[in-house]
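Since the structure comes first, as structure tokens, the remarks are kept for the end.
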Amino acid sequence: MYPTYKNLNLPEIDKDILRFWEEHQVFQKSIDQRSDVENFVFYEGPPSANGKPGIHHVMARTIKDLFCRYQTLNGKRVERKGGWDTHGLPIELSVEKELGITKEDIGKSISVDEYNQKCRETVMMYKNEWDDITRKMGYWVDLDNPYITYDNAYIETVWWLLKRLYDKGLLYKGYTIQPYSPGAGTGLSSHELNMPGAYKEVTDTTVVALFKVEKDDKSAFLFESEEEDVRIAAWTTTPWTLPSNTALTIGHNIPYCKIKTINTYTQQPVSIIMAEALVSKWFNGKNQPEVLSQSATIAAQQLEGVRYEQLLSFGNDIEPLLGFDGQFHTGAFRVLVGDFVTTEDGTGVVHTAPSFGADDMRVAKANGIGALTLVDKQGKFRDTVGEFSGRYVKNYKDDPDWINVDVDIAVQLKLENKALNVAKYVHNYPHCWRTDKPVLYYPLDSWFIKASAAKERMYELNKTINWKPASTGEGRFGKWLENLQDWNLSRSRYWGIPLPIWRTADGAQEKCIGSMDELKAEIEKANRQLGLNQQAPADMHRPYIDEVVLVADNGVAMRRELDLIDVWFDSGAMPYAQWGLDLEKLKNGADRPFNAPFDTMYPADFIAEGVDQTRGWFYTLHAIAVMAFDSVAYKNVVSNGLVLDKEGNKMSKRLGNAADPFETIAKFGADATRWYMISNASPWDNLKFDTAGIGEVQRKFFGTLYNTYSFFALYANIDNWAMDEQNVMPYDRRSELDRWVISKLYSLVAEYHEAMDDYEPTKAARAVETFVDEHLSNWYVRLSRRRFWKGEMSDDKQAAYQTLFECMMVATQLSASLAPFFADWFYRNLTNPIREKAKANNTPLRHESVHLTNLIQPEPDKIDKELEQRMDYAQRISSLILSLRKKENIRVRQPLQKVMLPILDERFIAHIEGVKDLILAETNIKEIEYVTDTAGVISKKIKPNFKTLGKRLGKHMKAASTIVGALSQENISAIEKSGAYLLEVEGETFDLTLEDFEITAEDIPGWLVATDGPLTVALDVTLTPELEAEGIARDLVNRIQNIRKECDFNVTDRIVVTLQRHELVVPAVEQFSAYIMGETLADSLQLSDSLAAGEEVEMAEGVMVRIGVERV
RNA sequence: AGUCCCGUAGCUCAGGUGGUUAGAGCGCUACACUGAUAAUGUAGAGGUCGACAGUUCAAGUCUGUCCGGGACUACCA
């Protein structure tokens, strides 16, 4: 017996199937039963378990899961090792929040040891939620043996990779300008700077400062008289950097000029140099100085090298900077030329303070300029800055009495005739996401990976990766690679992988450690040489590792560089670190000394994450693979878009519009949720998540499949029918309709494989949906219903059952990757009754789960495109006829005598003959008559074929269109007959053939006509008494069936019918009683003059007839 | 600021290489069907295809410039 259900309950199915999978270890079996020579390699991007899973994780993991399941069904072995990302600032932050401490407490009120211990505990805070959502959404991933980035074995592999890069000369220590948070006491990564809300709109005091030009040979041309006061104007939004100014930078192609004016603050005459394009911005406006005279254009080259007086001098020495020429320089107060200067705002001259801007540093180093760093790491002026000493440049201490030093500097400049303009300016500025204070750009020592050296190779290898969508790979990722900067690896933090580099105090000697064995050997060496008694720490984290002292070749002690490495390196190292180092291979100096099964698991065939990982995980995987092994890390990558709320807003906990994945799945089931997410839009488009859409999927797709099954089960149980896999009726013995749906089915299989192989899950899901809904349910089943309930078992009935079974079976397989629960439930409903037999015979349905079966493969010879074309005609013609019936208000139960089809093409007749019976049955019509144009009754419409004619006629097309449209019926007939036409248009002639026209039948005068493209039908709506009687007979069948149903009779119960003698029904009973009795399973049909019992039903408008129905 | 994605019916989306009535589903309205019935069919209303230019005989489709939504990246003075 096939199980039947009252209604479809997807969440309930989830639970049952989940239990089944776990009890029978279906996931494990699905991997084990495949050979490991047919690997499909998947990498899991590790989530961090210190945040709760959201609906967007369900999206990302659905994509991962469905391709892995597809490949499994397709015969591949797909291992899915899970992983956890355990390091990084978010974890540190949540610990600090929980403990109520700040960075400064670490090492004071809490030891680094305790702090890291707390991080280790906290990182798995939501592991249970993650495990739970993983199960409930049906994501198959191995969570029993995950890789964890804080494990020693993982860290050791990361060290090995770093050493490999180190040995290739790709690691270096550099002094660079980085975003730095004085409040937090640490540098910030670009990732942190881009956290939501980091960029805030702030109002800053801006100054156009005036730098007095020193008169010498170089600058002499700027002076018209001995006493002229010539100054260069430069704009800044950070006046606190002005004391640290050591240069001015101009742009090479920017024209400059000199303006004579009166300073509005001091009323003194002054000559000001700035970009010509910006003069109008600062002069002649309201409250602005007036231009007294303007010089001719001054080229940047003339200004380059001009010297000026220091703006605010406090007697500090210029700090030497290592120039690009390899020498240290202390040059200062010169005009430089840089490529980053624009005339979009400011004055076309950039105030340059090398310590507080990356551009500034670069241009200074290129030109032998030194620096002044007059602000310390706490964010306050050093003691040597006169009246500004000790003042915080921003309110980093939350001091209520804090006074903005920018304003004081501006005031001083005004008084000293050194300011052209002081104003408030609103702009976006990055803030530290932890302290909420503005970031400082500050020179810091840090370790870099010379990613720029591998830029070309990364770009080249990227071209071999299949990106979905392609634009992300070429555009966002490709462009990023083209302009690749070195990777800042250092983080001055506590909870992360320590940098494995030891240095002597003078930095002259250093050593990079690549494994635990190496570390142990080096420790022993140090113990011997330095007389220490150290042991390798059991935990490779800080603070233990910091205590290890190694020894340099010259016998000097070396200490570890205190930095940690960027957590992004952790995740990018997972292809190797998830397996760990193989000590044997390591000893033998293998190129890739990683534990098995690394060699068969690299690179990945497929990875997927959100598009926000493009420059995150996708990059770090690629960068490490290219730099360490000159390889790609993955061959196919799907980057999915965001999940937004239904209004299109970003989901956030703060706004309360974030969908809870647990709630959603509990309410709609995992499958409907998954199906909705994938079928609604391509995964790389943003999804406007609306649960109404899940409901729709539930009804439309799952409901339809369920209905189809219920229908099947109802009759299969009555007929005691079961699939006999070893005795299948050949297709050529099945009906046209059967062969049609089989053809459609295999067309679907081909389309499905193509889409899935191309990583286009949306196309695949939609194709399955269309088949199930339109072809299987709304055509095949609807037209076949009668075959299932009519009479005893026959070949035709067998064929119908087998065909329907096959369609459902394949639809299940094709749904299994995306809707794993429902598909398995469906599969088991269909196949459980024959499982034992299938096992005995070793036939395909022996598997206990659809996820253990072998996916149906495309079989081109089962596809009959001609047949599909025929059926398409049948469907469209039926539609046309039904629409005519509707228009004339003739119910479908009322038979009609005939329909006429104009024939435009001889092949058409053959096509229609094949599906004639279906059309006649569907539309309740007796016969089809083909009409050829010789009958002269059809009026036709003619149009030029724009595709063929456009190229030939070119600009005459418009005129030709008018001429062709005006052709008469006779002209059209002539063209059809001769197949040729001489077109004369605008003085030119063209030889046209039949192909150059589109001729359609438009109308048959006197008939009821409808058209759809090339198809036209004309309906004969004449009703004879006999047709009317037959119509009434069918109405009677309908009413009796309704009564049967109301009385809750079984489908197989036999009845006797008594009918009130009414003039409307008498002819029907006289002529069609056998038909009526056959249809309603009636043993007798009596007319009665006085029927008191029974039910009164309406036979026609206002005509009531009494019908008595009794079970035998 | 740069790079990329998106903008087609009230909503969610289709619309190879440009070709003349721009489609589907949902929703709405009306009618029909009724041995799949919390399903199904037919019909109707609903579109200046984000805007403006350009290329072309012909643009939803190609090019450019904007506008709106979003993501990522950034050293912006």
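Below, all heavy atoms of this structure are taken into account, side chains as well, without hydrogens, waters or symmetry copies. Here is how names work: the chains are called A, B, and so on, in the same order as the sequence lines, proteins then strands, and each is numbered from 1.
Across all strands, Gly357(A) comes closer than 4.0 Å to no nucleic acid atom at all (heavy-atom distances). Base engagement by Gly950(A) is indicated by at least one non-hydrogen atom pair under 4.0 Å involving a base atom. At the heavy-atom level, Arg766(A) lies under 4.0 Å from the strands shown only through sugar-phosphate atoms. Residue contacts shown for Lys6(A) are absent, as no nucleic acid heavy atom lies under 4.0 Å away. Using a 4.0 Å heavy-atom criterion, one finds that Ser710(A) contacts no nucleic acid atom at all. Counting any heavy atom pair closer than 4.0 Å across all strands shown, Arg782(A) reaches a base atom. Among the atoms of the strands shown, only primed sugar atoms or phosphate atoms (P, OP1, OP2) are found under 4.0 Å from some heavy atom of Ser471(A). No engagement by Asp360(A) is indicated, since no non-hydrogen atom pair under 4.0 Å with the nucleic acid exists. Glu696(A) comes within 4.0 angstrom of the backbone, heavy atoms only, and of no base. Note on Leu953(A): nothing from the nucleic acid sits closer than 4.0 angstrom, heavy atoms only. Looking at heavy-atom distances under 4.0 Å, Thr1080(A) makes contact with a base. In this structure, Val781(A) reaches the bases: a heavy-atom distance under 4.0 Å links it to at least one base atom across the strands shown.
Computed from coordinates, the Trp675(A) CH2 to G25(B) P distance equals 18 Å when rounded to whole Å. Whole-Å rounding puts the Glu769(A) CD to U12(B) C1' distance at 12 Å. Computed from coordinates, the Phe618(A) CZ to C4(B) P distance equals 18 Å when rounded to whole Å. For Asn640(A) and A71(B), the CG to P distance is 14 Å, given to the nearest whole Å. To the nearest angstrom, P of C5(B) lies 13 Å from CH2 of Trp684(A). Taking atom CZ on Arg786(A) and atom C1' on A36(B), their separation rounds to 16 Å, with Å as the unit. The nearest whole Å value for the distance from the CZ atom in Phe701(A) to the P atom in C26(B) is 16 Å. Rounded to whole angstrom, the span from the CE atom of Met957(A) across to the C1' atom of A59(B) amounts to 16 Å.
Of the candidates A77(B), C13(B), U42(B), U42(B) carries the atom nearest the Ser879(A) side chain, counting heavy atoms from C-beta on. With G41(B), A38(B), U37(B) as the choices, the nucleotide that has an atom nearest any side-chain atom of Asn7(A) turns out to be A38(B). Taking only side-chain atoms of Asp685(A), from C-beta outward, the nucleotide of G41(B), C5(B), U17(B) with the closest atom is C5(B). The nucleotide whose nearest atom lies closest to any side-chain atom of Asn778(A) is, among U40(B), A77(B), U12(B), U40(B). Set against U40(B), A36(B), U12(B), the side chain of Asn680(A) has U12(B) as its closest nucleotide. Picking from G41(B), C57(B), A71(B) the nucleotide with the shortest atom distance to the side chain of Leu882(A) gives G41(B). Minimum atom distance to the side chain of Val341(A) is reached by A77(B), of the listed C33(B), A77(B), U21(B). The side chain of Lys943(A) sits closest to U21(B) out of U21(B), A77(B), G19(B). For Val350(A), taking side-chain heavy atoms from C-beta onward, the closest of the listed nucleotides U21(B), U40(B), A77(B) is A77(B). Of all nucleotides listed (C57(B), G27(B), A77(B)), G27(B) comes nearest to the side chain of Arg699(A).
When atom types are taken as modelled, the side chain of Thr238(A) and the backbone of Trp240(A) share no donor-acceptor pair closer than 3.5 angstrom. At distances below 3.5 Å, at least one donor-acceptor pair connects side-chain atoms of Thr352(A) with backbone N or O atoms of Val350(A). With hydrogens and angles disregarded, a donor-acceptor distance shorter than 3.5 Å links the side chain of Arg1044(A) to the backbone of Asp1053(A).
The separation of C62(B) from G15(B), taken at their P atoms, amounts to 12 Å, rounded to a whole angstrom. Between G50(B) and U42(B), the two P atoms lie 30 Å apart (nearest whole Å). To the nearest whole angstrom, the two C1' atoms, one in C5(B) and one in G19(B), are 29 Å apart. Atom C1' of G47(B) sits at a distance of 13 Å from the matching atom of U21(B), rounded to the whole Å. Taking atom C1' on both nucleotides, A9(B) is separated from A53(B) by 27 Å, rounded to a whole Å. Taking the P atoms as reference points, A58(B) lies 39 Å from C26(B), given to the whole Å. Nucleotides A32(B) and U48(B) are separated by 34 Å at their P atoms, to the nearest Å. Rounded to the nearest Å, the gap between the C1' atom of A39(B) and that of A22(B) is 31 Å.
Contact between the side-chain N/O atoms of Thr472(A) and the OP1/OP2 oxygens of C4(B) is not found at any separation under 4.0 Å. Contact between the side-chain N/O atoms of Lys955(A) and the OP1/OP2 oxygens of U56(B) is not found at any separation under 4.0 Å. Between A77(B) and Tyr441(A), no contact under 4.0 Å exists linking OP1 or OP2 to a side-chain N or O.
Pairing partner, A43(B): U29(B), with both Watson-Crick or wobble hydrogen-bond distances short of 3.5 Å. Pairing for U17(B) is absent, with no Watson-Crick or G-U wobble pair whose two atom distances lie under 3.5 Å. In this entry A59(B) has no Watson-Crick or G-U wobble partner, no candidate having both defining distances under 3.5 Å. The nucleotide A77(B) finds no pairing partner, because no Watson-Crick or G-U wobble arrangement with both distances shorter than 3.5 Å includes it. Pairing partner, C72(B): G2(B), with both Watson-Crick or wobble hydrogen-bond distances short of 3.5 Å. When both distances must be under 3.5 Å, the Watson-Crick or G-U wobble mate of C66(B) is G50(B). Of the nucleotides present, none pairs with U37(B) by Watson-Crick or G-U wobble criteria with both distances under 3.5 Å.
Looking at heavy atoms from C-beta onward, Asp773(A) lies out of side-chain contact with Phe701(A) at the 4.5 angstrom threshold. The closest side-chain heavy-atom distance from Arg885(A) to Leu896(A) is below 4.5 Å. The side-chain heavy atoms of Thr770(A) and His775(A), taken from C-beta on, include a pair separated by under 4.5 Å.
Leu210(A) and Ala233(A) make their closest contact through CD2-CB, 3.7 Å (heavy atoms, listed as atom of the first residue, atom of the second, distance). Looking at every heavy atom in both residues, Met59(A) comes nearest to Pro683(A) through CE-CA, 3.8 Å.
No donor-acceptor contact under 3.5 angstrom links the side chains of Tyr441(A) and Asp360(A), judged on distance only.
Of the two residues near RNA chain B, Leu687(A) and His351(A), the one whose nearest nucleotide lies more 5' is Leu687(A). When the nearest nucleotides of RNA chain B are assigned to Val892(A) and Phe711(A) by heavy-atom distance, the more 5′-ward of the two goes with Val892(A).
For A36(B), its base sits under 3.5 Å from the side chain of Ser777(A) at one donor and acceptor pair at least.
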Apply side-chain contact (heavy atoms from CB on, under 4.5 Å) to Ser784(A) and Leu804(A), showing your working. CA-CA 10 Å; Ser784(A) 299; Leu804(A) 179 55; over 6 Å; no
